[in-house]
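All residue numbers refer to positions in the sequence shown, counting from 1. Here the structure is a predicted model, which means the values were calculated and not measured. Both backbone and side-chain heavy atoms feed into the values below; hydrogens, waters and symmetry mates do not. Both ligands and their constituent atoms are indexed starting at 1 by order of listing.
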Amino acid sequence: MTTTDSPARIRVLPPEVAARIAAGEVIERPASVVKELVENALDAGAGRVEVAVEGGGAERIRVRDDGRGIAPGQLADAFERHATSKLRSAEELFAVRTLGFRGEALAAIAAAADVTCTTRVAGESAAAVARFAGGRPLPPGSAAGAPGTTFEVRALFGALPARRRFLRSARAEARAVTQVVADYALARPEVAFRLESEGRVALASPGAGGERAAWAAVYDDGLAAALIDVGHETAGEHGTVAVRGLVGPPERHRGNRTALHLVVNGRAVSDRQLAFAVERAYEGLLPAGRHPVGLVRVEVDPAAVDVNVHPAKAEVRFREPRAVASAVTAAVRGALAGADAPAFAPPVLAPAARGVPHAASAARAVLAGARPASPLAGPSRWGPAAAGAEPVLPLAERLPALRPLGQFDEAFLVAEAPDGLYLVDQHAAHERVRYEEVRARQARGEVASQPLLEAALASLGAAQAALAAEEAEALAALGFVLEPTDAAALIVRAVPAQLAGRDPALALRDLLDRMEADDRLSGPERAAASLACRSAVRAGDQLAGEQQRELLRQLEACEHPQTCPHGRPTLLRLGSEQVRRSFGRR
Ligand SMILES: Nc1ncnc2c1ncn2[C@@H]1O[C@H](COP(=O)(O)OP(=O)(O)O)[C@@H](O)[C@H]1O
Ligand SMILES: [Mg+2]
């Protein structure tokens, strides 16, 4: 047996290597460093937290707080793995009251970047300084400095080029950092936060004035004033569930969930179950596919929630998830019911899209022979055998000439062609048409822009402002002429021709929402797809005969008529053969 054939020898990894592997679980990107350092500052009782990033945080992150500080004799220990002042026993892990408890963050950050920590406990004459470079400690020192702690983190993943390559553009990373700071500015309105990104103030919350003032700092005054107060307590088996916060009136819905901030016992979390619980309260009040905005803060007995389910502590697990979810739904529903009724009947679109990613997929399931709900049409006729004989898809690349027969459910066009019956999703089809138009024009170097007679000011949230900066080129290529301001707002001087006539600020915000929610495309494709989506006819729009014909004609002319820009189907075909066979005709 040669040495290459023999089983690889098992070795215990050297500590530096083990530390780096572990670091990867906690520190994924600059925003994770910011999150850990901000959480430490809050655990240290800070009343003010200042964050500054350069190069999206990959070059430099500075987090400064006015909290308790670390005693000089303990500073080196703070950077050891599993070193924490927050837990003493295993039992305490089941009732964590602080944001940190794993004792991993500082060790992970010191393993992944060059770090300087300057910290002074009130009463000490000077600040203690700890430094790490290349994963190793440098000799400790002391310096002047105000009470509190400052971390400087440079060259994140500098010694780990493979990880550095995984980072996105500086602007994308800066946006993720903004989201973290925004989350905590809202979760802790009593703390003043300030975020500087590439030398500009991206966010500054007052640390006073409560949730509404914090919301105004992260988003805008107008929306902050429109939010509805939530306050509700439910007694459960494991203690009281208190739900507090602010939620948007239904008509302030958005295209994604980034403006729905969830907080559990003071910790900003991303928890789908909680988000669904909030959305359930809006059932019937929002158009399909739209999401509410708000800040929902849940307080439960720390023993009733497990925060140790995720290395980055982004998720939590409740002991009684259903009780918490229904308390949240009840709290939000109560708040919405108590608020003034909206001036107009909110548009309610087909509920078919709920829980189904695309209405067409439901239709396809039926056409493809999924068990029908009606007992009359038994599986013998519509069963897999009948449908399987002639697949509904794939279709020929190019479409045959389609003749419209009418509209179904205000969302689909019914059309006939020589090879069968077609059901066309009007929104998806129009998206495809618009997308190809925009891309074709861009390929020719043209921009279809509509200058505004009066420039409009679009106040964006900090996160949206960062996205707009990141995608400045792609937005310009669509026809936007935008000018930055000092605040999280842009001056809109021209809009894409497709959006002419709409409220320019709203149109821009809506487009950015759509872009933010799109996790499949990027760059100019994403921008074009978002414009296509926002300018296309929607489900619920009635189309006259002439409009139906025009849409089908445009779809026939497309290069890829069968899918929307995101790859969802635009149409379904029921072959003539299949229709005949299904009726027992030959
Ligand atoms: N900004 C800070 N102010 C005061 N103490 C801090 C600060 N950051 C870290 N520490 C101390 O360092 C310890 C280790 O921090 P960390 O590695 O993040 O672990 P954890 O937060 O899970 O305890 C903390 O328990 C705390 O005692
Ligand atoms: Mg920590």
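- The backbone N or O of His232 sits nowhere less than 3.5 Å from a side-chain atom of Arg244 that would complete a donor-acceptor pair.
- At distances below 3.5 Å, not a single donor-acceptor pair connects side-chain atoms of Arg48 with backbone N or O atoms of Asp66.
- Taking 4.0 Å as the cut-off between side-chain N and carboxylate O, Arg333 and Glu283 do not count as a salt-bridged pair.
- The backbone of Glu104, and not its side chain, has at least one atom closer than 4.0 Å to an atom of ligand 1 (non-hydrogen atoms only; backbone = N, CA, C, O).
- Contact annotation for Phe79 and ligand 1: no heavy atom of the residue comes within less than 4.0 Å of the ligand.
- At least one heavy atom of Ala83 sits closer than 4.0 Å to an atom of ligand 1.
- Contact annotation for Ala44 and ligand 1: only side-chain heavy atoms (C-beta onward) come within less than 4.0 Å of the ligand.
- The distance cut-off of 2.8 Å around the Mg ion (ligand 2) captures these protein N, O or S atoms, sorted by chain and number: Asn40 OD1.
- Nearest protein heavy-atom neighbour of atom 12 (O) of ligand 1: Ala78 CB, 3.5 Å.
- In terms of polar-atom proximity, defined here as any N/O pair under 3.5 Å, Ala107 makes no such contact with ligand 1.
- Scanning the protein for heavy atoms near atom 21 (O) of ligand 1, the closest one is Lys86 NZ, 2.7 Å.
- Taking distance alone, with nitrogen or oxygen atoms compared against 3.5 Å, Arg68 stays at or beyond that limit from ligand 1.
- Side chain of Arg254 to main chain of Val293: no donor-acceptor pair is present (N/O by atom type, distance under 3.5 Å, no hydrogens or angles).
- For the pair Glu50 (side chain) and Arg194 (backbone), a donor-acceptor distance under 3.5 Å is absent.
- Side chain of Thr98 to main chain of Gly100: a donor-acceptor pair is present (N/O by atom type, distance under 3.5 Å, no hydrogens or angles).
- Between Glu59 and Arg154 there is no salt bridge, since no side-chain N of the basic residue sits under 4.0 Å from a carboxylate O of the acidic one.
- Considering backbone and side-chain atoms alike, Ile70 places every N or O at 3.5 Å or more from each N or O of ligand 1.
- For atom 7 (C) of ligand 1, the closest non-hydrogen atom on the protein side is Asn40 CB, 3.9 Å.
- Note on residues 32-44: pairs passing side-chain hydrogen bond (donor to acceptor under 3.5 Å, both in side chains), not counting sequence neighbours, are Lys35-Glu39, Glu36-Lys313, Glu39-Tyr184, Glu39-Lys313, Asn40-Lys86, Asp43-Lys86.
- Arg322 is linked by a side-chain hydrogen bond (donor to acceptor under 3.5 Å, both in side chains) to nothing, counting only residues two or more places apart in sequence or in another chain.
- In terms of protein heavy-atom proximity, atom 25 (O) of ligand 1 is nearest to Ser85 N, 2.9 Å.
- Heavy-atom distances between Glu36 and ligand 1 stay at or above 4.0 Å for every pair.
- Atom numbering of ligand 1 starts at 1 in the shown order; those under 4.0 Å from a heavy atom of Phe101 are 20 (P), 22 (O).
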Under 3.5 Å donor-acceptor pairs involving side-chain atoms of residues 459-475, not counting sequence neighbours:
| from | atom 1 | to | atom 2 | distance (Å) |
| --- | --- | --- | --- | --- |
| Gln464 | NE2 | Arg509 | O | 3.2 |
| Gln464 | NE2 | Asp513 | OD1 | 2.9 |
| Glu470 | OE1 | Arg175 | NE | 2.9 |
| Glu471 | OE2 | Arg526 | NH2 | 2.8 |

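- Set against the non-hydrogen atoms of Arg102, the atoms of ligand 1 under 4.0 Å away are 22 (O).
- At a heavy-atom distance under 4.0 Å, no atom of Thr98 approaches ligand 1.
- Checking side-chain atoms of Arg62 against main-chain N and O of Thr150 turns up no donor-acceptor pair under 3.5 Å.
- The distance criterion of under 3.5 Å between nitrogen or oxygen atoms is met by Asp65 with respect to ligand 1.
- Arg212 places a side-chain N or O within donor-acceptor distance of the main-chain N or O of Ala224, the cut-off being under 3.5 Å.
- Looking only at protein heavy atoms, the nearest one to atom 22 (O) of ligand 1 is Gly103 N, 2.7 Å.
- Remark: Asp510 engages Arg290 in a salt bridge, criterion side-chain N to carboxylate O under 4.0 Å.
- A donor-acceptor contact shorter than 3.5 Å links the side chain of Thr329 to the backbone of Ala277.
- With a 4.0 Å cut-off on non-hydrogen atoms, Ala46 does not touch ligand 1 at all.
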Side chain to side chain contact (heavy atoms under 4.5 Å, CB included), that's the test. Do Val263 and Val298 meet it? Break it down for me.
CA-CA 6 Å; Val263 181; Val298 179; over 6 Å; no
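- Remark: minimum distance from atom 23 (O) of ligand 1 to any protein heavy atom is reached at Thr84 OG1, 2.5 Å.
- Near Gly100, the atoms of ligand 1 lying under 4.0 angstrom from a non-hydrogen atom of the residue are 21 (O), 22 (O).
- When side chains are defined from C-beta on, Arg102 does not count as touching Thr84, because their heavy atoms never get closer than 4.5 Å.
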Side chain to side chain contact (heavy atoms under 4.5 Å, CB included) evaluation trace for Leu106 with Phe151
CA-CA 10 Å; Leu106 295 190; Phe151 279 91; 3.6 Å; yes
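- The backbone and the side chain of Leu106 each have at least one atom closer than 4.0 Å to an atom of ligand 1 (non-hydrogen atoms only).
- Between Ala105 and ligand 1, at least one N/O pair is under 3.5 Å apart.
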